[in-house]
Amino acid sequence: MSGRSSRCEPSLVFFLAHPALPLIPTLPLSPTDRQCQAFRTDLLDWYDEHKRSMPWRETNDPYRIWVSEIMLQQTRVSTVRDYYHRFLEAFPSVEALAAADRDTVLKHWEGLGFYARARHLHEAAQRVVDEHDGAVPDTMDAIKDLKGVGPYTAAAVLSIAYQRPHAVLDGNVTRVLSRVFAVDEDATTSAAQGHLRDLANELLAPERPGDFNQAMMELGALVCTPSTPHCDRCRLNAVCRAHDAGTEESYPITPESDPVPHKDIAVGLVFGDHDRLLIQRRPDEGLLGGLWEFPGGKQEGEESMEAACRREVKEELGVGMTDVEPFYTLSHAYSHFKITLHAFRGRLADGPPEAREDQPFRWVTVDELDDYAFPRANRRLIEELERRQTEPSLFD
DNA sequence: GACGCGTGGAA
DNA sequence: TTTCCAAGCGT
């Protein structure tokens, strides 16, 4: 960015108009220094008055702030709160996290989703201990080198924990700036993201970078919301180009989303000796990587769901089932497809099972299932198992 | 650059 | 009911 005071909205006009008149000009694509300062002051004043209480705002510990930012990726504040407390109680320091078992880390992440975050955070903690003497890096190059730390998280941790002048660009900031500046390009493109990031860095309050970043996100979460934004309560409405034009809800501009595919999945609740159930661990990478589950998979061709269940159990563990009967059916949505999960219960017909590479199995009692990290859909089956265990009359 | 990757709450 | 999408990142 250059020549910022010689654009279509001359700074002199803004200077004369701003203090006294209601005719405040909306912000040009290259705001002047004075316009940026007014923006910062208005935003931070609002933030100081209206910011919500959050557990990670009670600490200066870079490790805790890092953990919170990983959890907050694509995840709402209200969801993160409890996970944050439990996770930091279990792993109060980066050393404690680094020394933990992967399964224990995943168990504390169970239900939070995007499980690669937990695996990467765990691995990154071990690198911080081994390569940085246990100190979360305070430079852009070093922190972005950690797994799971991208442009957003790097800027967030550096600004909030270390007061470094890096603007974040998340969904909130994208929306707020797209509206304030009426950005008429697809906001999901890298070109637009670059423009928005430049704008955010120009506006950034250098003396309070962490608060500025959180203020932008807080405004997006509380006031400048995706649908029906509350412009009447917005401290920036006077300079917002979209509000000036009455087109707030048309920003940010995003492409139409693709239809979500649906799959039918069959899983087997395979009972062996002593009423133990057969579970297996998913491969480390990919969907739900590292979590435990009941064996199963996609229905193929014209086969029945029960046939799909038998086939998948045979393919994954090399064993057959007897006394197979329908147990429970549920619907579930993942990030990029939906499923109907058809669960069958039955007994081990032969055996013993053989584990496939990277997919170990175990025999566990219903009570012991709680010790393992399961995907949400499997957890719902477990809840049903426990419900029927306490109400035996419903088992038939 | 496009796609894969969870979950739950709000509209 | 369905759709949207939230403090994004890795490959």
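Letters A, B, ... are given to chains in the order of the sequence lines, protein chains preceding strands, and every chain is numbered from 1.
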Residues in side chain to side chain donor-acceptor pair (under 3.5 Å) contact with A:Lys107, at least two apart in sequence or another chain: A:Glu110

A:Tyr83 side chain N/O closer than 4.0 Å to the phosphate oxygens (OP1, OP2) of B:dT7? no

CZ of A:Arg76 versus C1' of B:dG8: gap in Å, rounded? 8 Å

Would you mind checking if A:Arg281 and A:Glu293 are paired as a salt bridge, meaning a charged N to carboxylate O distance below 4.0 Å? no

Euclidean distance, atom CH2 of residue A:Trp292 to atom P of B:dG6 [Å, nearest integer]: 18 Å

Can you find a donor-acceptor pair, distance only, under 3.5 Å between A:Ser190 side chain and B:dG1 base? no

For atom NZ of A:Lys338 and atom P of B:dT7, their distance in whole Å: 15 Å

With a 4.0 Å cut-off on heavy atoms, is A:Arg197 in touch with a base, just the backbone sugar-phosphate, or nothing at all? nothing

Heavy-atom contact window of chain A on DNA chain C, given 5' to 3' at under 4.0 Å: C:dT3 to C:dT11

So A:Glu384 and A:Arg387, salt bridge (charged side-chain N to carboxylate O under 4.0 Å, His left out) or not? Walk me through it. CA-CA 5 Å; A:Glu384 183 65 15; A:Arg387 194 179 70 76; 2.9 Å; yes

Could you measure between the two C1' atoms, the one in B:dG6 and the one in C:dC4, and give it in whole Å? 15 Å

note: A:Leu112, atom CG; B:dG6, atom P; distance rounded to Å ~ 11 Å

With a non-hydrogen cut-off below 4.0 angstrom, is A:Thr153 in contact with a base, only sugar-phosphate, or nothing? sugar-phosphate

